[in-house]
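Since the structure comes first, as structure tokens, the remarks are kept for the end.
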Amino acid sequence: MLRLARRAVPAGIVLLILQQGAALATTKDVSITNFQFSPTPLAVAQGGSVLWTNNTTGTNHTSSNDTTNPDNTTGLGLWDSGVISPSSTFIFTFTAAGRYTYHCNIHPFMTAMVTVKPNASPSTGSLGTAFKITWATVAATGNFVYDVQKRDPNGTFLDWMTGVTSRRTMFMPTATGTYSFRARLRNSSTGGASEFSPVKSIMVT
Ligand SMILES: [Cu+2]
């Protein structure tokens, strides 16, 4: 009976389930052990989550986004797990591109980072191509804004969209070559920001 039922599932339904699975945001694991966060750095897609697990016995830890960035600029303090006791977990979802450095509040020497890249679609095209550049899964709300920088072919990174709440835009290139984009999440009230994300590049031929 079971075998028959399994065989009776149409291929289309299996495909649908696979497609839904692919569309779901992923969760990546970070293990806290030996006074380290592992892995680090950890690349997460926009909308992806990180699940921290304290795999030690007898030592509490936290996962706390820096309030002072490694370069001494004001950090976001976007998340703070509070105490993660042994065998406990904490989860946080990253909606915006950025480079998020964090530490353990109990053991400040424990440092690590999560990185989230912008997306570009398509990734290659010609002068007539409209590229969709996306730096977040949601429009920014409250005091949050996005800063997006662009590097033209043979150029350097310059402010492109500063303090915007929109999560994406269309981009029409005016020259051939490689364009790169990077973004960060900022709190316009505190002035704190993540560091700029790793770059996403598009090729215009
Ligand atoms: Cu710790």
Side-chain angles (χ1 to χ4, degrees), residues 21-119 134-149 157 163 165 167 180-200:
L24 285 174
T26 54
T27 297
K28 291 194 172 179
D29 287 298
V30 169
S31 177
I32 312 175
T33 181
N34 295 327
F35 294 95
Q36 288 176 328
F37 297 101
S38 179
T40 184
L42 176 63
V44 177
Q46 289 169 36
S49 300
V50 173
L51 179 71
W52 284 269
T53 302
N54 184 347
N55 286 312
T56 63
T57 52
T59 308
N60 290 335
H61 296 288
T62 79
S63 167
S64 309
N65 182 217
D66 291 353
T67 50
T68 302
N69 290 324
D71 65 2
N72 274 329
T73 57
T74 306
L76 261 184
L78 186 61
W79 76 89
D80 185 356
S81 66
V83 169
I84 309 173
S85 55
S87 300
S88 295
T89 61
F90 173 74
I91 192 163
F92 187 79
T93 300
F94 293 83
T95 55
R99 190 167 176 266
Y100 299 91
T101 53
Y102 67 94
H103 61 278
C104 171
N105 268 338
I106 303 166
H107 314 100
F109 58 88
M110 295 174 59
T111 60
M113 74 175 72
V114 172
T115 61
V116 184
K117 266 192 193 185
N119 292 326
T134 306
W135 48 86
T137 57
V138 293
T141 57
N143 291 321
F144 287 107
V145 292
Y146 304 122
D147 297 328
V148 189
Q149 294 188 333
F157 271 108
T165 56
R167 68 185 192 90
S180 298
F181 302 87
R182 65 184 186 185
R184 69 177 181 181
L185 177 61
R186 177 164 56 88
N187 183 323
S188 61
S189 172
T190 65
S194 74
E195 296 187 320
F196 274 98
S197 68
V199 304
K200 175 67 183 180

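Please read these numbers as outputs of a predicted model, since none were measured by experiment. When a ligand or atom number is given, it counts from 1 through the structure's own listing order.
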Original post:
What protein N/O/S atoms are found closer than 2.8 Å to the Cu ion (ligand 1)?
Top reply: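 H61 ND1, C104 SG, H107 ND1, with waters left out.
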
**OP:** State whether the side chain of Q46 and the backbone N or O of T134 hold a donor-acceptor pair below 3.5 Å, judged by distance alone.
**Re:**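 Yes; at least one donor-acceptor contact below 3.5 Å.
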
Subject >> T40 side chain vs M113 backbone, donor-acceptor pair below 3.5 Å >> reply: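 Yes, the answer is positive, given that a donor and an acceptor are paired below the 3.5 Å cut-off.
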
Subject >> Ring centres under 6.0 angstrom apart (F196, F157) >> reply: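 No, ring centres 6.0 Å or more apart.
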
**OP:** Report the residues that fulfil side chain to side chain contact (heavy atoms under 4.5 Å, CB included) with K117, sequence neighbours left out, ordered by chain and then residue number.
**Re:**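 Here the qualifying residues are P198.
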
Subject >> Residues that D66 engages under side chain to side chain donor-acceptor pair (under 3.5 Å), provided they are two or more places apart >> reply: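 For D66 the side chain to side chain donor-acceptor pair (under 3.5 Å) partners, ignoring immediate neighbours, are T101, H103.
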
Contacts table for residues 88-98: side-chain donor-acceptor under 3.5 angstrom, sequence neighbours left out:
from: S88; atom 1: OG; to: S85; atom 2: O; distance (Å): 3.4
from: S88; atom 1: OG; to: S85; atom 2: OG; distance (Å): 2.9
from: T93; atom 1: OG1; to: S49; atom 2: OG; distance (Å): 2.8

